[in-house]
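All heavy atoms count here, side chains included; hydrogens, waters and symmetry mates do not.
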Amino acid sequence: MARTNNVTELIITGLFQDPEVQRACFAVFLPVYLATVVGNGLIVLMVRVSKSLRSPMYFFLSHLSLVEISYSSTIVPKFITDLLVRIKTISLEGCVAQIFFFHFFGVTEIFLLTVMAYDRYVAICKPLHYTIIMSRPVCHRLAAASWLGGIIHSMVQILVTVQLPFCGPNVIDHYFCDLHPLFKLACTDTFVEGVIVLTNSGLISVFSFLLLVSSYIVILVNLRNHSAEGRRKALSTCASHVTVVVLFFGPAIFLYMRPPSTFTEDKLVAVFYTVVTPMLNPIIYTLRNAEVKIALKRLWGRKVNSGVE
């Protein structure tokens with residue numbers, strides 16, 4: 001797979017070394033992961049079956065929830081099972097595959113969040129043309145472009161990685177495979193590869209975040225011309241999206257826009273955006289959205305009634 005590879009298996013140091021702490025983490029993170037899958041899965045199901053959730057905003061939300069399930073499943077299942085074993089290993093091929101899907105779903109989420117901000121901009125600033133600008137074909141193309149952008153980004157990362165020779169050591173100082181920890185194991189200088197990763201990952205995050213901030217600045221300025229009730233509804237709709245954006249982009253920019261390190265704090269920040277944030281997203285959107293709560297009640301009522309029959 002790479003030039004002069006003597007390494008076929010990697011050892012992962014994990015998050016903590018104390019077995020008691022690891023077991024406690026297992027008891028915490030397993031329910032979190034299950035909640036992530038169930039919560040995001042419910043949003044995907046609700047958008048699919050509920051006639052009241054047919055707007056572009058919910059179409060993109062269903063894609064975001066699907067990405068969250070996939071993104072979390074790339075890291076968390078192995079992470080929580082590794083908490084129960086003393087020696088944590090992964091094959092080099094498995095490590096590269098994990099990096100590919102981690103970056104694929106992560107950048108797809110970045111693009112989807114950006115598209116969702118554009119949807120809110122059109123809905124609030126150009127309401128009379130909203131149905132034309134955000135037509136169903138346009139929404140499908142924007143969603144497809146987000147997934148395609150994630151694939152292209154991830155392929156660049158992997159093409160950089162597979163060219164590196166790995167001849168030892170084989171210990172990754174992290175709890176999952178990522179580019180910077182893997183680069184430290186290469187038997188060659190990885191400065192150029194590090195610059196490519198910084199450009200590819202960090203700048204995508206920063207430019208997307210700046211685009212998101214610009215969109216919401218324009219929205220806030222535009223809201224001055226709305227009534228008090230209109231401002232309240234618009235801000236309530238945008239608040240959930242802004243919260244998700246901050247929770248996702250904050251840790252990503254912190255980790256990828258500075259020199260890499262392996263401090264415990266960095267691992268804890270990574271836990272936040274790989275384990276915790278995917279679980280919070282459905283909660284954030286559900287608690288602040290009356291339409292989603294109504295659709296959830298209807299879905300639950302339909303299941304209860306079918307069970308009675």
Q.
Are the side chains of T81 and F26 in contact, using a 4.5 Å heavy-atom criterion?
A. no
Q: Return the minimal non-hydrogen interatomic distance between L179 and T161, and the atom names on each side.
A: CD2-OG1, 3.1 Å
Q) Is N40 reaching over with its side chain to a backbone N or O of P278, donor-acceptor style, under 3.5 angstrom? A) yes
Q: Assess whether atom OH of Y121 is packed by more than 12 heavy atoms of other residues, nucleotides or ligands within 6.0 Å.
A: no
Q: Search all heavy atoms of V275 against all heavy atoms of V32 and return the closest pair with its distance.
A: O-CG1, 3.5 Å
Q: Work out which heavy atom in V160 is nearest to a heavy atom in E193; give both atom names and the distance.
A: CG1-CG, 3.3 Å
Q. Is the number of heavy atoms from other residues, nucleotides or ligands under 6.0 Å of F272 CZ greater than 12?
A. yes
Q: Say whether, by atom type as modelled, one donor and one acceptor occur between the side chain of N170 and the main chain of E9 under 3.5 angstrom.
A: yes
Q. Cluster question for you: counting only ILVMFWY and a side-chain heavy-atom cut-off of under 4.5 Å, with indirect links fine, are L164 and I11 together?
A. no
**Q.** Exam field: side chain S91 to backbone G94, donor-acceptor pair closer than 3.5 Å
**A.** yes
Q: Look at the side-chain heavy atoms of Ile, Leu, Val, Met, Phe, Trp and Tyr, link any pair under 4.5 Å apart, and say whether V21 and Y175 land in one connected group.
A: yes
**Q.** Side chain to side chain, L185 and C167, heavy atoms closer than 4.5 Å
**A.** no
Q. Taking C-beta and beyond as the side chain, do Y216 and V245 meet within less than 4.5 Å on heavy atoms?
A. no
Q | Under 3.5 Å: donor-acceptor pair, side chain of H174, backbone of G14 | A | no
Q: To the nearest 0.5 angstrom, please state how far the CZ atom of R120 sits from the CG atom of L212.
A: 13.5 Å
(Q) Count I, L, V, M, F, W, Y as connected when their side-chain heavy atoms are under 4.5 Å apart, and connections chain through other members. Are W147 and I151 then in the same cluster? (A) yes
Q: With rounding to the nearest 0.5 Å, note down the distance linking CD1 in I124 to NZ in K126.
A: 13.0 Å
Q: Indicate yes or no for a side-chain donor-acceptor contact from Q157 to the backbone of I99 under 3.5 Å, with no hydrogens or angles considered.
A: no
Q | Non-hydrogen side-chain atoms of D82 and F176 separated by less than 4.5 Å | A | no
Q: Might you work through the side-chain contact (heavy atoms from CB on, under 4.5 Å) test for Y118 and S215, ending with a clear yes or no?
A: CA-CA 7 Å; Y118 174 70; S215 299; 5.8 Å; no
Q) If you measure from NZ on K78 to OG1 on T74, what distance do you get to the nearest 0.5 Å? A) 13.5 Å
Q: For side-chain contact (heavy atoms from CB on, under 4.5 Å), just list the numbers for V115 and H63, CA-CA rounded to whole Å, side-chain angles, deciding distance to a tenth of an Å, and then say yes or no.
A: CA-CA 11 Å; V115 168; H63 276 268; over 6 Å; no
(Q) Distance check, rounded to the nearest 0.5 Å: N222 atom CG versus C125 atom SG? (A) 3.5 Å
Q: Answer yes or no: is there a donor N or O on one side and an acceptor on the other, between the side chain of D18 and the main chain of E20, under 3.5 Å?
A: yes
Q) So which heavy atom on Q163 is nearest to which on L159, and how close? A) CG-O, 3.1 Å
Q. What's the verdict on side-chain contact (heavy atoms from CB on, under 4.5 Å) for T89 and I12, showing C-alpha distance, side-chain angles and the deciding distance?
A. CA-CA 6 Å; T89 62; I12 302 172; over 6 Å; no
Q: Verify, without hydrogens or angle tests, whether S72 (side chain) and E68 (backbone) share a donor-acceptor contact under 3.5 angstrom.
A: no
Q. Can you hop from V85 to L10 via hydrophobic side chains spaced under 4.5 Å?
A. no
Q. Looking only at heavy atoms, what is the nearest atom pair of G149 and V107, with distance?
A. O-CG1, 4.3 Å
Q | CZ-CG distance between F248 and L112, expressed to the nearest 0.5 angstrom | A | 10.0 Å
Q) Can any side-chain N or O of N200 pair as donor or acceptor with the backbone N or O of H153 at less than 3.5 Å? A) yes
Q: Show your working on side-chain contact (heavy atoms from CB on, under 4.5 Å) between T13 and I172 and close with a plain yes or no.
A: CA-CA 6 Å; T13 60; I172 289 187; over 6 Å; no
Q.
Between Y71 and T108, is there a side-chain donor-acceptor contact under 3.5 Å, judged purely by atom types and distance?
A. no
Q. Is any NZ, NE, NH1 or NH2 atom of the basic residue among K184 and D173 found under 4.0 Å from an Asp or Glu carboxylate oxygen of the other?
A. no
Q: Answer yes or no: is there a donor N or O on one side and an acceptor on the other, between the side chain of S70 and the main chain of L66, under 3.5 Å?
A: yes
Q. Quick one: does S208's side chain get under 4.5 Å of F249's, heavy atoms only?
A. yes
Q. Considering only heavy atoms from C-beta outward, does the side chain of F59 approach that of R54 to under 4.5 Å?
A. no
**Q.** Donor-acceptor pair, side chain of S135 and main chain of T131, under 3.5 angstrom
**A.** no
Q.
Taking I219 as the starting point, is it possible to reach L128 by hopping between hydrophobic residues whose side chains are less than 4.5 Å apart?
A. no
Q.
Can you confirm whether F60 sits close enough to S146 that some side-chain heavy atom of one is under 4.5 Å from a side-chain heavy atom of the other?
A. no
Q. How are the rings of F104 and F101 set relative to one another: parallel (under 30°), tilted (30 to 60°) or perpendicular (over 60°)?
A. tilted
Q) What about the rings of F29 and F79, do their centers lie closer together than 6.0 Å? A) yes
Q: Using side-chain contact (heavy atoms from CB on, under 4.5 Å) as the criterion, point out the one residue from I75, I90, L182 that pairs with C177.
A: I90
Q.
Quick check: closest heavy atoms across I69 and V37, and the distance to 0.1 Å?
A. CD1-O, 3.9 Å
**Q.** L42 vs P282 side-chain heavy atoms within contact, under 4.5 Å
**A.** no
Q. How far does CD of Q22 sit from CD1 of I80, to the nearest 0.5 angstrom?
A. 13.0 Å
